[in-house]
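Below is one structure, written out as structure tokens, with a few remarks after it.
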Amino acid sequence: MGWNLIFWLLICFPANIALLASTFYQVLILSDLESDYVNPFDASSRINYFVLPEFIGQGALCVLCLFTGHWFMFLLTVPVTVYHARLYMKREHLIDVTEVFRVVNAEKKFRIVKLALYLTVLIVTIFRPSIRMLAAGRIIFYISKFEGLDIRSNL
């Protein structure tokens with residue numbers, strides 16, 4: 001039980017926050033590019049700076065959830081990890097400066113979907129240990145409530 005709590009607090013929670021912040025920053029940069037507040041070179045260099053660390057962090061989180069037996073979290077994170085691996089293998093993971101205006105809407109929609117997924121994973125990360133503790137407390141309360149009804153203890 002202690003290792004599980006340490007895993008959630010020290011590994012999953014900070015990783016989820018980092019992925020969420022990175023994706024939110026990328027959506028903001030793409031919105032600024034759409035509004036013409038940032039030039040294409042600055043926007044693509046700022047986004048490309050975070051792409052590879054995000055891919056590595058997402059992959060590491062997915063593999064950790066697989067190896068520690070957190071199947072629900074693994075199933076939530078595996079589609080994005082597979083998509084990231086596919087983008088990296090095709091060499092389409094970086095935003096090209098010359099084509100940034102052509103793909104800005106698609107990239108923005110993709111990052112908003114990733115943002116929603118990372119927010120879902122964060123909510124599950126926050127509430128899953130507390131739900132388990134509540135369920136364990138309910139079972140202990142249920143057992144202690146009916147201990148006095150044992151016929152053998154009255155004889």
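When a residue number appears, it is its place in the shown sequence, counting from 1. Not measured: the values here are computed from a predicted model.
Between Tyr118 and Leu19, the shortest heavy-atom contact is CD1-O, 3.7 Å. Closest approach of Thr81 and Cys62 over heavy atoms only: OG1-CB, 3.4 Å. Nearest heavy atoms, Val38 versus Arg46: CG2-NH1, 4.2 Å. The minimum heavy-atom distance between Leu119 and Leu20, with the atom names listed, is N-CD1, 3.8 Å. Closest non-hydrogen pair, Val124 versus Leu76, comes out as CG2-CD1, 4.2 Å.
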Subject >> Phe67 and Val63: CA distance, side-chain angles, deciding distance, side chain to side chain contact (heavy atoms under 4.5 Å, CB included) verdict >> reply: CA-CA 6 Å; Phe67 287 146; Val63 168; 3.2 Å; yes
**OP:** For the pair Phe13 and Leu122, evaluate side chain to side chain contact (heavy atoms under 4.5 Å, CB included) and give the outcome as yes or no after the intermediate values.
**Re:** CA-CA 7 Å; Phe13 186 71; Leu122 181 69; 3.7 Å; yes
**OP:** Mind running side chain to side chain contact (heavy atoms under 4.5 Å, CB included) on Leu30 and Glu34 for me, showing each step along the way?
**Re:** CA-CA 6 Å; Leu30 288 171; Glu34 266 186 340; over 6 Å; no
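Between the side chain of Asp32 and the backbone N or O of Tyr37 there is no donor-acceptor pair closer than 3.5 Å. A donor-acceptor pair is defined here as one N or O able to donate and one able to accept, closer than 3.5 Å; such a pair exists between the side chain of Thr77 and the backbone of Phe74. The main-chain N or O of Ala18 is never found under 3.5 Å from a side-chain atom of Ser22 such that the two would form a donor-acceptor pair.
Annotation: side chain of Asp96 is not in contact with side chain of Ser44 (no heavy-atom distance under 4.5 Å). By the 4.5 Å heavy-atom criterion applied to side chains, Lys114 and His84 are counted as neighbours. A 4.5 Å side-chain heavy-atom check between Ile112 and Lys108 finds at least one atom pair inside the cut-off. In this structure, the side chains of Ile47 and Glu107 stay at 4.5 Å or more apart for every pair of heavy atoms.
Under the 6.0 Å cut-off for aromatic ring centres, Phe55 and Tyr88 do not qualify, their centroids lying 6.0 Å or more apart.
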